[in-house]
Amino acid sequence: MGFSTIAIHAGNEPDSATGAVSVPIYQTSTYAQEGLGRHKGFEYARTQNPTRSALEKNIAALEGAHYGFAFASGMSATDAVLKLVKAGDHVIVGDNTYGGTFRLFSKILANYGIEFDYVDTADVTNVEKAFKTNTKMVFVETPTNPIMTVTDLQAVSDVSHAHGARVVCDNTFMSSYLQRPIEFGVDIVVHSTTKYLNGHSDSIGGFVALNDDEDAEWIGFVQNGIGAILSPFDSFLVLRGTKTLAVRMQAHDKNGRAVASFLAEHPRVEKVYYPGLISHPQHELAKRQQKGFGGMVSFETGSLESAKKVLEGVKLCTLAESLGGVETLISHPATMTHASVPVEKRGQLGITDGLVRISVGIEDIEDILEDLDQALS
Ligand SMILES: *Cc1c(COP(=O)(O)O)cnc(C)c1O
């Protein structure tokens with residue numbers, strides 16, 4: 001079956017009680033039991049909820065995974081995955097990971113005896129060199145936020161499996177439509193559904209998809225044990241969002257390419273970060289690994305003042321954190337999404353004060369380009 005057919009039908013069987021074509025929002029905390037130990041498979045809504053189950057089936061199918069778990073946020077999904085390692089274990093992490101992921105690892109989980117090393121995973125030899133006898137997990141994000149560096153998922157999976165470590169990929173930037181990490185050997189896929197999967201900037205959520213039976217059992221145990229579950233209403237919203245994922249991503253990709261080409265030609269722009277540009281150092285790898293290049297584009301304006309002019313000069317684009325919605329959002333990584341990354345590390349990564357990030361929406365492209373052009377001049 002094709003991607004859109006799966007997106008529209010997986011988990012979306014007509015409701016068994018009423019035939020409702022759209023999965024109902026089962027807004028309940030508990031379920032009546034017929035007798036002692038006799039129930040319909042639903043006991044308490046932290047543990048099981050039919051709306052959430054439908055979404056879990058849906059996104060697992062989109063990722064080509066056997067198991068899926070929906071969480072209250074992308075961060076709680078990542079946190080649950082990190083519950084697969086224990087005190088004394090070592091984790092290798094991409095050095096340009098989402099700011100909140102870096103904060104979770106370095107400021108919270110490091111307090112519990114988990115050891116993290118940050119390397120540039122774009123070069124697989126850096127990953128290889130970072131392995132220790134206690135390395136249990138490799139956590140990558142590709143393309144990275146906001147510098148758009150691409151990591152070779154197959155190469156990282158091969159080297160990690162040779163060392164007996166699981167590979168986790170945060171697939172938020174590409175979405176299940178543009179990139180399917182499991183096909184490249186990745187063990188666990190994490191999403192912030194807040195972004196492209198929901199796609200309408202009206203819900204916070206996270207997802208974990210994986211194939212391994214034992215790891216899946218543990219993630220399910222953690223989901224119920226800690227309770228950072230996605231609510232029935234948010235599950236409904238994301239389920240509604242994924243039905244149009246393919247058409248939305250095609251539109252984001254088309255507009256993303258147009259914005260990147262426009263900026264690359266613009267005299268006020270010093271540099272554009274977008275894997276779809278032939279000038280991107282990993283353009284060939286991105287072409288091989290992704291079905292498109294998506295709607296995330298970053299560019300260097302040269303200074304904080306120039307960045308400020310663009311960020312405050314736009315009229316159609318909205319100055320806001322987040323990404324992946326139908327509307328174009330523009331942001332300043334150094335003071336917004338990556339404010340918690342230490343200044344010297346930001347410098348190493350290229351997250352300068354002049355860097356601007358755009359999550360290109362699916363408005364008419366002429367209007368987006370006109371707005372950027374007036375803000376830049
Ligand atoms: C937003 C984001 C997260 C965190 O997700 P929340 O839903 O905000 O908790 C993680 N990774 C990436 C790449 C993100 O963009």
Side-chain angles (χ1 to χ4, degrees), residues 52 55 59 63 68-82 91 93-109 116 118 121-122 139-151 153 168-179 181 186 188-209 223 226-231 233-235 237-238 241-242 249 252 256 273 275 290 294-298 320-325 329-333 336-341 349 351 357-361:
R52 196 177 82 222
L55 177 68
I59 301 180
E63 286 292 343
F69 301 91
F71 288 87
S73 67
M75 290 327 307
S76 57
T78 296
D79 183 52
V81 167
L82 267 289
V91 180
V93 189
D95 66 353
N96 186 195
T97 191
Y98 175 73
T101 302
F102 177 72
R103 181 177 53 198
L104 170 68
F105 292 178
S106 63
K107 301 265 166 72
I108 302 176
L109 296 176
F116 296 95
Y118 301 88
T121 59
F139 191 101
V140 299
E141 205 177 302
T142 179
T144 58
N145 173 22
I147 299 298
M148 308 303 291
T149 308
V150 182
T151 287
L153 292 174
V168 184
C169 176
D170 180 336
N171 200 25
T172 302
F173 261 41
M174 283 288 99
S175 87
S176 324
Y177 179 72
L178 291 178
Q179 178 168 278
V186 166
I188 302 172
V189 178
V190 172
H191 277 283
S192 165
T193 62
T194 311
K195 316 297 169 49
Y196 288 110
L197 292 183
N198 180 54
H200 294 74
S201 307
D202 52 12
S203 159
I204 295 282
F207 204 83
V208 177
Q223 183 194 39
I226 293 181
I229 47 160
L230 193 65
S231 77
F233 182 60
D234 288 286
S235 298
L237 285 176
V238 182
T242 58
M249 292 316 295
H252 281 294
Y273 299 92
Q290 305 168 190
M296 297 305 298
V297 184
S298 298
E321 292 203 13
S322 199
L323 60 110
L329 300 181
I330 193 160
S331 69
H332 188 236
M336 296 167 77
T337 48
H338 288 65
S340 59
V341 178
L349 297 171
I351 307 173
R357 188 187 83 180
I358 310 180
S359 168
V360 182

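Both counts, for ligands and for their atoms, begin at 1 and track the order of listing.
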I'd like the name of whichever of Asp170, Asn198, Asn171, Thr337 reaches closest to atom 13 (C) of ligand 1 through any heavy atom.
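Residue with the shortest heavy-atom distance to the ligand atom: Asp170.
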
Main-chain N/O of Thr144 paired with Thr149 side-chain donor or acceptor, under 3.5 Å
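Not a single qualifying donor-acceptor pair exists.
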
Backbone of Gly94 reached by a side-chain donor or acceptor of Thr97 within 3.5 Å:
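Such a contact is absent between Thr97 side chain and Gly94 backbone.
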
Specify the protein heavy atom at minimum distance from [atom]: its residue, its atom name, and the distance to 0.1 Å.
atom: atom 6 (P) of ligand 1; answer: Gly74 N, 3.3 Å
atom: atom 1 (C) of ligand 1; answer: Lys195 NZ, 1.4 Å
atom: atom 3 (C) of ligand 1; answer: Tyr98 CE2, 3.4 Å

Quick check: do Gln179 and Thr142 have side-chain heavy atoms less than 4.5 Å from each other?
yes

If you define the side chain from C-beta out and look only at heavy atoms, does anything of Met174 sit under 4.5 Å from Pro181?
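The answer is no; the side chains never approach within 4.5 Å.
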
Contacting atoms of ligand 1, where contact means under 4.0 angstrom from a heavy atom of Gly205
7 (O)

With a cut-off of 4.0 Å, which atoms of ligand 1 are near a heavy atom of Glu141?
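Here the atoms of ligand 1 in question are 13 (C).
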
Less than 3.5 Å between some nitrogen or oxygen of Ile204 and one of ligand 1, yes or no?
no

Please walk me through it: do Tyr118 and Phe105 pass ring-ring contact (aromatic ring centres under 6.0 Å, His included)?
CA-CA 10 Å; Tyr118 301 88; Phe105 292 178; 7.2 Å; no

Take every heavy atom of Leu323, measure it against each atom of ligand 1, and state whether any distance is under 4.0 Å.
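Leu323 counts as a contact of ligand 1 under the 4.0 Å cut-off.
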
Apply ring-ring contact (aromatic ring centres under 6.0 Å, His included) to the pair Tyr177 and Tyr196, showing each step before the final yes or no.
CA-CA 10 Å; Tyr177 179 72; Tyr196 288 110; over 10 Å; no

